[in-house]
Amino acid sequence: MSLRGHRTVGVNLPGHGVADAQFAHDYQCPQDPTSLATRPSPMAGVGLDAYEAAAVEVVRAVAPFGPVVLYGGSMGGATLNRVGNAVPHLVDRVVYDTAFCCVDLPCPEDYLSTPEGSSTLAGSLASLVVADPAVVGAVRANYRTGDQDALARLKEALMAGAPDSEFYALLAHLQPDESLTVGREDSRVRADTWGRIPRTFIRHTADRMIPLALQDRMIAEADRLTPRNRFDVHTVAAPHAATSEQFREIVDILDRLPECR
């Protein structure tokens, strides 16, 4: 987007910054399983309120300089929901890239439990968990595992059909620890706040984490909530995590948004 002349900024969510000690010596090779299983996480106690506050702070900072298009994917949708409820007057468009838009149900975990979410492969992540969440205060996954079966299941869930090189590049960027609570905290959108904002949903037809039927359910629920302000819907033939070639299609969609033209 920057190469197309747009100003962009990433929201640094709490617990995910370079100084937050997500990566420690025990995560290097050879790894220290005992330490991985017991070292307290920087994500301990971090929930959706903290994510919302961080994102709102960035939105407030950039709003004076032009239209604000808030973009997020996957579980990031929960933060988009909260920000849209909190500061709708500062957001010109919200974009869900195969992300959770909670309308009738409170949280992402509830949506994955619906018939439309029943085919999700999100459970594949369980084989990578290397610590008791109650001990470390987070969900800790070992994305540097050499377990070929576990990696094959993860690739099927996240990036089926992609070259191995892109899949491993994705894993190299994933931080091991994630919040215990974000997926089950209430992030339902409200018609009187979030519902005022123009919105876009980018569907991924080959998504095995948030199945296409579930994406469509959330779109339909949102459109029923605010029938005079419906989702602008686009579709890409991509898994949950798009390849570089597929992401160029997503950039094309973003570049054509009214606020970007």
Side-chain angles (χ1 to χ4, degrees), residues 16 22-24 26-39 41 43 72-78 96-100 107-184 202-218 236-247 250:
H16 292 286
Q22 278 271 2
F23 298 108
D26 56 21
Y27 197 57
Q28 299 299 114
C29 292
Q31 294 182 319
D32 183 342
T34 301
S35 179
L36 280 173
T38 56
R39 173 174 50 85
S41 171
M43 294 301 304
S74 194
M75 196 66 75
Y96 292 77
D97 188 358
T98 190
F100 285 99
C107 65
E109 288 189 10
D110 286 346
Y111 276 93
L112 289 176
S113 299
T114 63
E116 294 85 355
S118 61
S119 65
T120 181
L121 297 182
S124 301
L125 294 172
S127 62
L128 300 178
V129 173
V130 291
D132 182 346
V135 172
V136 301
V139 178
R140 175 168 293 160
N142 181 11
Y143 296 113
R144 293 181 180 167
T145 181
D147 186 324
Q148 292 185 348
D149 289 339
L151 289 170
R153 290 194 296 272
L154 184 62
K155 183 180 179 183
E156 183 67 19
L158 288 179
M159 216 175 190
D164 282 347
S165 57
E166 291 206 48
F167 172 62
Y168 286 116
L170 170 71
L171 295 189
H173 286 88
L174 293 180
Q175 295 177 326
D177 293 2
E178 190 47 87
S179 168
L180 272 177
T181 62
V182 164
R184 57 177 183 263
I202 303 174
R203 301 161 75 245
H204 289 210
T205 59
D207 195 334
R208 304 298 305 279
M209 292 288 284
I210 306 178
L212 186 60
L214 182 53
Q215 298 172 53
D216 288 341
R217 171 179 173 150
M218 293 186 289
V236 294
H240 190 65
T243 65
S244 57
E245 181 177 351
Q246 293 158 349
F247 197 72
I250 295 170

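Note that this is a predicted model, so its numbers are computed, not measured.
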Undergrad: Of all heavy-atom pairs between Gln31 and Gln28, which one has the smallest distance, and what is that distance?
TA: CG-O, 2.9 Å
Undergrad: How close do Leu36 and Val136 get, heavy atom to heavy atom, and via which atoms?
TA: O-CG1, 4.2 Å
Undergrad: Please check if the side chain of Gln215 supplies one atom and the backbone of Ile210 the other of a donor-acceptor pair under 3.5 Å.
TA: yes
Undergrad: Tell me, with the steps shown, if Thr98 and Ile202 meet side chain to side chain contact (heavy atoms under 4.5 Å, CB included).
TA: CA-CA 6 Å; Thr98 190; Ile202 303 174; over 6 Å; no
Undergrad: Atom CG in Leu158, atom OG in Ser124: separation rounded to 0.5 Å?
TA: 8.5 Å
Undergrad: Please report the closest heavy-atom contact between Val135 and Ala37, naming both atoms and the distance.
TA: CG1-O, 3.8 Å
Undergrad: Taking all atoms of both residues into account, what is the closest heavy-atom pair of Ala237 and Gln246, and its distance?
TA: O-NE2, 3.3 Å
Undergrad: Is a side-chain N or O of Arg140 found less than 3.5 angstrom from the main chain of Arg39, in a donor-acceptor match?
TA: yes
Undergrad: Checking Thr120 side chain against Met209 main chain: does a donor-acceptor pair fall under 3.5 Å?
TA: yes
Undergrad: When rounded to the nearest 0.5 angstrom, what distance separates OG1 in Thr205 from CG in Leu212?
TA: 6.5 Å
Undergrad: If we only count heavy atoms from C-beta on, is the Asp26 to Thr34 side-chain gap below 4.5 Å?
TA: no
Undergrad: For Ser113 and Glu109, indicate whether the former's side chain and the latter's backbone hold a donor-acceptor pair under 3.5 Å.
TA: yes
Undergrad: Among side-chain atoms of His16 and Gln175, is any donor-acceptor pair under 3.5 angstrom?
TA: yes
Undergrad: Could you tell me whether a side-chain N or O of His204 sits under 3.5 Å from a main-chain N or O of Pro239, the two making a donor and an acceptor?
TA: yes
Undergrad: For residues Phe23 and Pro176, determine if any side-chain heavy atom of one lies less than 4.5 Å from a side-chain heavy atom of the other.
TA: yes
Undergrad: The test is side chain to side chain contact (heavy atoms under 4.5 Å, CB included); show your working for Thr243 and Met159 and say whether it passes.
TA: CA-CA 8 Å; Thr243 65; Met159 216 175 190; 4.3 Å; yes
Undergrad: What's the separation between atom CG in Leu128 and atom CG in Asp147, rounded to the nearest 0.5 Å?
TA: 8.0 Å
Undergrad: Keeping the roles fixed (side chain from Tyr143, backbone from Leu170), state whether a donor-acceptor pair exists under 3.5 Å.
TA: no
Undergrad: Atom CZ of Arg144 and atom SG of Cys29: how far apart are they, to the nearest 0.5 Å?
TA: 7.0 Å
Undergrad: Are any side-chain N or O atoms of Arg208 and backbone N or O atoms of Glu156, one a donor and one an acceptor, separated by less than 3.5 Å?
TA: no
Undergrad: Any donor-acceptor pair under 3.5 Å linking the side chain of Ser179 with the backbone of Thr181?
TA: yes
Undergrad: Nearest heavy-atom pair of Ser41 and Asp177: which atoms, and what distance?
TA: OG-OD2, 2.7 Å
Undergrad: Is there a donor-acceptor contact under 3.5 Å from the side chain of Lys155 to the main chain of Tyr168?
TA: no
Undergrad: Any chance you could measure Asp207, atom CG, to Leu121, atom CG, to the nearest 0.5 Å?
TA: 9.5 Å
Undergrad: Hey, could you give me the CZ/CG distance between Arg184 and Asp110, rounded to the nearest 0.5 Å?
TA: 11.0 Å
Undergrad: I'd like to know whether Leu151 forms a side chain to side chain contact (heavy atoms under 4.5 Å, CB included) with Leu171, so could you lay out the CA-CA distance, the side-chain angles of the two residues, the decisive distance to 0.1 Å, and finally the verdict.
TA: CA-CA 10 Å; Leu151 289 170; Leu171 295 189; 3.7 Å; yes
Undergrad: Side chain to side chain contact (heavy atoms under 4.5 Å, CB included) between Asp216 and Arg203: does it pass, once the steps are laid out?
TA: CA-CA 8 Å; Asp216 288 341; Arg203 301 161 75 245; 2.7 Å; yes
Undergrad: Please name the pair of heavy atoms, one in Ala99 and one in Gly72, separated by the smallest distance, quoted to 0.1 Å.
TA: CB-O, 3.7 Å
